[in-house]
Amino acid sequence: MSFLRLFARYNLRSLRTRGTDAVSTLLGIALTAAVLVVVLALAHGLDKAFATSGRTNIALVMYKGSPSESQSLIDFEPERTLETLDGIEKRKDGTPIVSPETVVLMNLPRRGNDPNDAANVTFRGVRRDAFDVRPELKIVAGEKFKEGLEEVIVGKRIAERFQHCGKDETLDVGKYHFKVVGIYECPGADESEIWGDEHVIQKAFLRPMYSSTRVKFAGPTDEAFLAALKKEEARLPFMSVIEKKYYADQQELASAPVKAVAWVLAICMAIGSSLGAMNTMYARVAARSKEIGTLRAIGFGRSTIVIAFVFESIALAVAGGAIGCLIALPIHGLETGTSNWQTFSEIAFAFTITPHSVVPALILSAIVGWVGGFLPALQAATMPIPAALREV
Amino acid sequence: MKLVPLIWKNALRNKRRTVLTMGSLVTALVVFVFLDTLISSWAATTDTPDSARRLIVRHKVSLANVLPEKHAERIRRVPGVEIVHPYHWFGGQIKDKQTFFQQFACDDDTFFDMWTDVQPTRDHAKPGFEADLLKKAWKEDKQAAIVGWKTAERMGWKIGDRFTLNSAIYRVELEFRMIGTYTGFSDDDTIFFRRSYLQESLGSRKGVVGTFMIKVKDPAFAAAVIKGIDSEFANSDAPTRTETEKAFLLGFVSMMGNVKGFFGLLSAAVVTAMLFIMINTMAMAVRERTREIAIMKAIGFTPGSILFLVVAESIGTCLFAGVFACVGFRVLFENVLHRPNVIIFPNFCPPWTTVGSGLAIAFAMGMISGLLPALRAARLEVVSGLRRVG
């Protein structure tokens, strides 16, 4: 434990020596940590957008083999088959909640100065069951669209980021002109959409069929229902997936490459920073040869010195890492959007800094400090005492 | 020039420090080159002379909507149009497993005249090999498929092999026979097959087209043709949106949002971190040689030559690391890994412009980090310098 005493009394206080060296190494490590935090925040923001999507008590039915709703077409009447299944949640009046929906994509320009900046936005043609299936959806401005009319409600994130999507604006789809009568909020991917009456949407987009159907049931514990659903699947050309799993799979595809890039970047920068830290530590050790010689002469053992100096390096690095996290902090909550490559449509998300972004960055900084400090510390511990004492 | 050996000796004076510095420079430059290649791959559209003559016509409302085949006649009559080529994005899968290569169903007769970047060959290592045999097979076999060599290799297919693709969009399962491959196109994994085969299998649903590709007689006509086509169908049931092939491809890029800006920011952070490390190192190196520099000034070296020595050493170290990192990275991806597919980018390889940028940054780094210590060294008072110990 003597290294702790040595560290606290000597190394910590020597942090101030060779200040400019220390500061530049610190800043280099700070930037490494900041880059890792920012890119992980992007990945976590994406994760969050998907993770809050989907429920475990909704079964999503699409055409067999469809990679996503927008690429699925059901040309038979899904309600007839599905509403007979035991276990479907019913309304108070006894009618089963079965929501066939038509999902189409339309290219819309984003708000901003670049006229070429556009993305595909999801339009969903629904009936009242769609709202029963998603009780978390709340209209926060205006009102719901009326059946049969050219009216739509727009998810808050889309309204903010795309042209013609704000309240009381008009969206032109071919010969149809949809008035935005309301704005809604809903946790997860559902908020990155525009909803309208199913019949009007189908006519406007020339898509007289459904893309998917959602049914609400008791939950993953209802094995009888899931078994009955599987039986129907064998009979008819559709496939069912629990809604939560549908979004979880998309999340994998969306955030996995981002996380991969984050770590590749971070590791490369960490290697660079370690080498820089090593340089600095060697210089620090060389400058304090006399002190180190003295320490050893008065009896501090080699391992004590090694550990104490490594700790000094780690302390410097972690301080840099902490500064890096602080630099990255302002990005938290920054809203942006990108295309979900699975569905080809826009998904809005916000950079999210969580302990999952900060802790790896700090650990990485500590590792940089450890790697950078080890060899110099060894040198400090093994330098011949007389020569060290003679150094000026 | 006679100072060069001195610069060399100085750089190698503290070998460990020089090695460590170059090591961190190399890793940082590698990161920069990687990010910059990502950015340029993102916006990469290869401009061949023919690509300026191609337009894409799609349904105005959504790329996912189909257009009626009958539009072809009216498009053909627009002045300036040379070829009208209906085609489809097939969106197929192999046995319920998602594929990551694209497949296109293309108009049988105009395929080779339209997709001129796709150069048919029966051996991807020999461009144009037995191209006539391939074209004959395309005409004769309705199930003919031209398969990019990377996909063929991954799936283990050879010429003559059969495979099945399942399209969720068109809800058909089609069997194909590989008749050859191609070179020259922007990626090496695409599959092209005959549209007549798709139409035949659609039964009563036939008569639709996913997109039209148009070739105009002269690129100068493009704007007029775009206007002509879109106004022709503006009031029909299937209004169109026409754009140049380049604009069409860039549209997909813009869907990703401001990724370019984001990666640019990351690059800037990396370069700045590098700068701190380099400045520190040069400052350290010069500080240690204070006495020596004083002696040199005492024996007659001018302040100017001292300045030159320090800056040259700094630039030299950085450029050395730069060449190793940037050119090395390029050689690695081009000659060793043969332009692999990285994440969603086919043929990933840093272009010479990126390598150049990297070298320029290394040079600038050397300049900036060497300048301040060099100025301090040049202005050093000989007497105080000699007095310094260590």
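Every chain is numbered from 1 and lettered A, B, ... according to where its sequence line falls, protein lines coming before strand lines.
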In terms of heavy-atom pairs under 4.5 Å with chain B, the winner among A:Ser24, A:Ser273, A:Ala34, A:Ser274 is A:Ser24
Among A:Ser72, A:Cys268, A:Gly276, A:Ala277, the residue with the most heavy-atom pairs under 4.5 Å to chain B is A:Cys268
Using non-hydrogen atoms only, which part of [X] is less than 4.5 Å away from chain A: side chain, backbone, both, or neither?
X: B:Ser236; result: backbone
X: B:Asp237; result: both
X: B:Ala28; result: neither
X: B:Leu35; result: side chain
X: B:Thr272; result: both

Run the side chain to side chain contact (heavy atoms under 4.5 Å, CB included) check on A:Val39 and B:Phe262 step by step: do they pass? CA-CA 9 Å; A:Val39 188; B:Phe262 182 67; 4.3 Å; yes
Can you say whether [X] sits under 4.5 Å from chain B via the side chain, the backbone, both, or neither, judging by heavy atoms?
X: A:Leu42; result: side chain
X: A:Leu275; result: both
X: A:Tyr176; result: neither

For residues 257-272 of chain A, the salt bridge (Lys or Arg N to Asp or Glu O under 4.0 Å) pairs (sequence neighbours left out) are A:Asp47-A:Lys259
In this structure, CG of B:Leu63 is separated from CE of A:Met106 (nearest 0.5 Å) by 12.5 Å
Heavy-atom nearest pair, B:Ala269 first then A:Leu31, reads O-CD1, 3.6 Å
Residues B:Ser24 and A:Gly272: closest non-hydrogen pair is CB-O, 3.0 Å
Q) Should B:Asn235 and A:Lys175 be marked as a side chain to side chain contact (heavy atoms under 4.5 Å, CB included) after you check the CA-CA gap, both sets of side-chain angles, and the distance that decides it? A) CA-CA 8 Å; B:Asn235 292 320; A:Lys175 294 196 196 128; 5.7 Å; no
Counting heavy-atom pairs under 4.5 angstrom with chain A, the leader among B:Thr27, B:Val66, B:Leu25 is B:Thr27
Per-residue tally against chain A (heavy atom, under 4.5 Å) across B:Ile279, B:Val31, B:Leu275 peaks at B:Val31
Geometric cation-pi criterion, B:Arg17 with A:Tyr282: 6.0 Å, 45°: no
Margin query: Do A:Asn279 and B:Arg16 have side chains that approach each other closer than 4.5 Å (heavy atoms only, starting at C-beta)?
Written below: no
Notebook entry, point to check: Do B:Val270 and A:Met269 come within less than 4.5 Å of each other through their side chains, counting heavy atoms only?
Noted result: yes
* Without swapping roles, check the side chain of B:Asn280 against the backbone of A:Thr25 for a donor-acceptor pair under 3.5 Å. => no
